[in-house]
Amino acid sequence: MKTITNIFNIALLFIFINANAQTFEIKKSEISYENKLRPCLVSDVDQSEKDLKNAWVKYAKKNLNIKIDGIGIFSDDKILKAEDVTIASISKKRFNLYTRIAETPTGSEMKLFASYGYDIFLGEENYVNGFNAMEKIMNRFLYETLNDYYTEEGKSLNKSITKLKKENLNETKSINKNEKSINKINLDLDKNKVSEYDDSDAKIKKTSKLNKLTSKKASLESENRESKLNNQNLEVKIKGLSEKLEIVKTKQEKLMKPTL
């Protein structure tokens, strides 16, 4: 029992440390592309690589009116591309938009970068206005997708907690029912004690009944020990999921809605 509790406490400590940080932060960085370091925007999030990729492709199609290639049934490229596109807020010229979304130990990492052609990349030193516009787009996307992600995570955790509480309640009902049966058996055991005044037939009947009652009592007590152990484990799980739910709520609350 102590081992289970310690494992949950260590896991929750790690989660609490992460929860105290900003939900997501976009930083200026670099990415190796075509054998050179290119300026990019990067952010680490809780969402999985697969889900973030799918969300980005859908967002770009709906909100930016561009098609991102590199993900599908028969392909899943490391670099997602939207080539020869226009996004007015970034540039009036046509350009190429690239995205790398990779798995991390806690979720995924998203890197966004763009170029006007070979060796002409947007960054803090060149085309800074377009680079800043990319950051705003990335910020709006991550806000929306993470808000949806935490909403679904909250629903899933609430569902799991409700299920565990129901199991806990059923175990408690079973324990109470068995306790009543055990109390009744104890009364029957007292009534059927073998007396020195009983004749042989009475002693045989009472002994047979006592054996059955004792066996039934032992079975019920065994069931209750198992149910009580199950309840302890369920309570640990409920506590862990409830604390995780609070962290998810906190992260969602700390999402900063981007300004238009």
Side-chain angles (χ1 to χ4, degrees), residues 14-31 38-71 76 78-82 85-91 95-114 121-124 127-159 243-260:
F14 178 76
I15 296 171
F16 271 122
I17 290 170
N18 285 341
N20 289 329
Q22 190 173 335
T23 302
F24 76 89
E25 182 180 4
I26 299 174
K27 298 178 181 179
K28 273 82 172 180
S29 184
E30 291 180 320
I31 185 171
R38 314 296 189 180
C40 74
L41 301 164
V42 60
S43 185
D44 290 297
V45 297
D46 292 333
Q47 210 169 3
S48 71
E49 174 190 354
K50 181 180 178 182
D51 289 346
L52 191 63
K53 278 183 177 180
N54 288 331
W56 176 231
V57 170
K58 290 178 182 177
Y59 181 89
K61 183 178 181 180
K62 179 181 177 182
N63 297 279
L64 305 177
N65 198 29
I66 62 172
K67 183 178 182 296
I68 294 179
D69 296 317
I71 182 171
D76 193 357
K78 289 184 179 179
I79 301 291
L80 307 180
K81 301 176 181 178
V85 297
T86 56
I87 301 174
S89 60
I90 295 176
S91 176
F95 63 96
N96 303 320
L97 186 68
Y98 306 101
T99 315
R100 183 184 184 274
I101 296 174
E103 182 182 0
T104 66
T106 57
S108 60
E109 176 192 69
M110 178 178 180
K111 287 187 174 182
L112 187 67
F113 57 111
F121 285 79
L122 284 73
E124 289 185 282
Y127 308 104
V128 64
N129 290 337
F131 196 61
N132 290 337
M134 283 170 54
E135 183 176 4
K136 289 181 179 180
I137 288 172
M138 186 173 174
N139 189 46
R140 281 195 294 270
F141 160 67
L142 289 177
Y143 169 80
E144 288 189 20
T145 190
L146 287 174
N147 191 40
D148 291 343
Y149 168 75
Y150 290 128
T151 297
E152 292 305 313
E153 277 289 290
K155 288 179 181 178
S156 177
L157 287 167
N158 271 317
K159 186 177 180 180
E243 290 174 341
K244 188 176 180 182
L245 176 60
E246 288 306 309
I247 291 167
V248 167
K249 287 180 179 178
T250 300
K251 286 190 172 185
Q252 187 169 28
E253 288 169 359
K254 288 169 71 174
L255 286 172
M256 297 293 291
K257 189 171 184 179
T259 55
L260 296 175

For Gly154 against Val248, the heavy-atom pair lying closest together: N-CG1, 4.2 Å
Nearest-0.5 Å distance, CZ of residue Phe24 to CE of residue Met256: 9.5 Å
Heavy-atom closest contact (Ile87 atom, Phe95 atom, distance): N-CE2, 3.7 Å
Gap separating the CZ atom of Arg38 from the NZ atom of Lys111, nearest 0.5 angstrom: 13.5 Å
Minimum-distance pair of heavy atoms, taken over all atoms of Phe121 and Tyr127: O-CD1, 4.2 Å
From CD1 (Ile137) to OG (Ser89), nearest 0.5 Å: 3.5 Å
Val45 and Thr145, any side-chain heavy atoms less than 4.5 Å apart: no
Close side-chain approach of Thr23 to Tyr150, heavy-atom, < 4.5 Å: yes
Worked check of side-chain contact (heavy atoms from CB on, under 4.5 Å) between Ile90 and Leu122: CA-CA 10 Å; Ile90 295 176; Leu122 284 73; 3.8 Å; yes
Beyond-backbone contact of Gln252 with Asn147, side-chain heavy atoms, under 4.5 angstrom: yes
Straight-line distance of Met134 CE to Phe113 CZ, nearest 0.5 Å: 9.0 Å
Nearest-0.5 Å distance that lies between atom CG in Leu142 and atom CD in Gln47: 8.5 Å
Smallest separation among heavy atoms of Leu41 and Ile26, with atom names: CB-CG2, 4.0 Å
Within-4.5 Å side-chain heavy-atom neighbours: Asp44 and Thr106: no
Side-chain donor/acceptor of Ser108 to backbone N/O of Ala102, under 3.5 Å: no
Taking every non-hydrogen atom, the tightest pair across Pro258 and Tyr143: CD-CG, 3.5 Å
Option among Leu112, Leu80, Ile79 that satisfies the side-chain contact (heavy atoms from CB on, under 4.5 Å) test with Arg100: Ile79
Asp148 vs Glu152 side-chain heavy atoms within contact, under 4.5 Å: no
From CA spacing to verdict: side-chain contact (heavy atoms from CB on, under 4.5 Å), Leu245, Lys249: CA-CA 6 Å; Leu245 176 60; Lys249 287 180 179 178; 3.9 Å; yes
Val42 versus Met138, closest heavy-atom pair with distance: C-CE, 4.0 Å
Residues, nucleotides or ligands: over 12 heavy atoms within 6.0 Å of Asn65 CG: no
CD-CD1 distance between Glu109 and Ile101, expressed to the nearest 0.5 angstrom: 10.0 Å
Under 3.5 Å: donor-acceptor pair, side chain of Asn54, backbone of Lys50: yes
Carboxylate-amine/guanidinium contact Glu144 Arg140, below 4.0 Å: no
